[in-house]
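To start, the structure itself, in structure tokens.
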Amino acid sequence: MKTVIVRPERCVGCLQCRFNCAVAHSQTRSSYTAPYEPTPSKPRIHIGLSLNKELFPNKCRHCNPTPCEMACITKAIFKDPKTEIVLINPDRCINCGMCAMACPFGVIRYHIYPANRWAAHKCDQCILRLGEGDIPACVQVCKVGALVFDEVNRFMDQEASRMATLIYWGIREKPVAEDVYFTLKAYKSSLEEIRTRR
Amino acid sequence: MNVVIVGASAAGLACLGTLLKFQPEIPITIISEENVPPYSRPLLTYYLGKEMTQAQMTIAEANQYPQNVKFLQGRSVKRIDGSRKEVILSDGETISYDKLLLATGADPIKPGYCDESRNVFTLRYMEDAKKIEKHLNESAVVVGGGFVGIKTAWGLIQRGVKVSLVIASPYPLWLVLDEGTGRFFENALKEIGIRLYTKNEVSKVEKVKKLKVFLHSGTSLEGDVVIVGKGVAPRIELARDSGIETGLGIKVNEYLETTQKDVYAAGDCCETYDSVYRAARVNAIWPNAMDQGYCASLNMLGLRVPYPGSIGMNSIKTQTFHLITAGILWGENIITYEKYVPFRNQFRKIAFRDEVPVGMAFFNAPSEAGMIANLIKKGEPLKINPHKMVAGELSPRDMFEQGIRFFSQSLNERRPL
């Protein structure tokens, strides 16, 4: 089963995933008309800064066991038996706020839905797009490979072999650049320094 | 393996669901005292607020389960015969078991003035809600400043009923919140139209045309009904009479086993490890009961998964505010950090004891609340600057860097009990 895998060290914070997510969950599903809908669609992926000012794309992990499903008193949150995606039924949700209390990753927000009803709001791993044979909207638009749609075991094998190769080459010769993202980190640290000086 | 589950609410149904997921073939008997199909008890206050109908509250139907699940409704268990591994029902029938789960739940505490003929009710079962609905007209008195009392008051307000809330302690949610937060919350409650009578107790209730409720302070209130929400007491009679060790609730070890072999307990009826108080405690809330039912079913299947511990937590959401609390905010050696954002009407408060987070109150800030609540549940010392934690600058990445994993229910990790 394929899931969205997050590689936070690659994220540059362009927020394109947020935009595409909102468009993919809007009623018209077009980037031209989505901002003008009566109930604007909200993104379901959140890019937050950590204490070291590093970016972290935070989205629902569709955990198993599912704390939010257990905390839901109306059974509005349920697990799709076929795809194991955790979904919210906005018609059953009574907006009680229990799921936000239970979620260990803080991905559940509360927004208004097109049926003029407030309900819990979180990633559904683009189940509509998956049905059409497409990949999730955030993964499709990610340019730096911070979000990958793949099977976990296969991806881990691939990463392990890549790491092994790097180590093998590292023994024989020195890498060209030790830190691949050194410019970005230098920029971030300078921003941080300016902020603290002020 | 033959499994018998006593009680068909959160813990019982969670256990049943998990057993069916891993072992779909085993014969399971689930015994419920009530005649209606299982429903969600926390929704009763929303039922009073006309947000939910009875059909919407139903969480499981007897006919949705496969053939091997036997649903006994309207039957109660009289005794457990531990030596012969049998459950004796009140009508004399015996059911043998290999593994037994006690999920008998809890009953509301009824003070002396509780009398249904005088329209003084508690709110725990569907029948109670229907009785209240029948007598309810335009005003009501709610007794108890806990979560049940406040949620009931909010439900009644949504119905268009005038509500007076009588609280024995100096401010609402006294067991959880500290003074400052309590006062803030009190104002928020007044804003949504609840009349508060703090440091007061009901002395007697008289029924003339309407109800007349006399308080200790001398004032008297009028209302159609009185709803008492003074907490719950675990139902331990069945376990006690069958020779299982009980305290305030049924005593269990970290694998949720009772003192009798092959008998497990989960839900509101049992005392489990509390990460904040560091002792066995009854935390009678829905998510904990589901969690315990899940954990008990894994142990029944022979996986030996220790229960990670529970905390008292709850969430209240009305039209104007959303409060999430967990753990405790006052007590010995507790230092609190808070941040108030006036233009968003938002504040966060986190309490620490020896660098271990033990309590939180998040007002209108639901997004990070779950992270902190789970850190409190973990009960591990943190190296994160608490001032940044309350400012809402925490991201899951920091926790991964700290080496905190939420789903590390490894078999070696054991909790003392």
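By convention in this document, chain letters (A, B, ...) are assigned in the order of the sequence lines, proteins followed by strands, and residues within each chain are numbered from 1.
Contact of A:N58 with chain B is made through the side chain alone, with heavy-atom distances under 4.5 Å. Proximity to chain B (any heavy atom under 4.5 Å) is shown, for A:I73, by both the backbone and the side chain. In this structure, the portions of A:L51 lying under 4.5 Å from any heavy atom of chain B include both its backbone and its side chain. When heavy atoms are compared at a cutoff of 4.5 Å, B:T58 approaches chain A solely by way of its backbone atoms N, CA, C and O. Contacts between A:C99 and chain B at a heavy-atom distance below 4.5 Å are absent for every atom of the residue. Within the 4.5 angstrom heavy-atom criterion, atoms from both the backbone and the side chain of B:N314 approach chain A. Residue A:C103 touches chain B through its backbone alone, counting heavy-atom pairs closer than 4.5 Å.
A 4.5 Å side-chain heavy-atom check between B:E393 and A:K53 finds at least one atom pair inside the cut-off. You'll find the side chain of B:K317 reaches within 4.5 Å of the side chain of A:N95, heavy atoms only. Residues A:M101 and B:P287 form a side-chain contact, since some pair of their non-hydrogen atoms from C-beta on lies under 4.5 Å apart. Between A:R109 and B:S367 there is a side-chain heavy-atom pair separated by less than 4.5 Å.
Note on B:G17, B:A326, B:A373, B:P42: by heavy-atom pairs under 4.5 Å with chain A, the leading option is B:P42.
Using bins of under 30°, 30° to 60° and over 60° for the plane-to-plane angle, the ring pair B:F400/A:F105 lands in the tilted bin.
With B:S315 contributing its side chain and A:G97 its backbone, the two residues share a donor-acceptor pair below 3.5 Å. B:R397 places a side-chain N or O within 3.5 Å of a backbone atom of A:L55 that can act as its donor or acceptor partner. Looking only at distances, no side-chain donor or acceptor of B:D291 sits under 3.5 Å from a matching main-chain atom of A:M70.
Legend: residues meeting salt bridge (Lys or Arg N to Asp or Glu O under 4.0 Å) with A:K2, ordered by chain and number and at least two apart, are absent.
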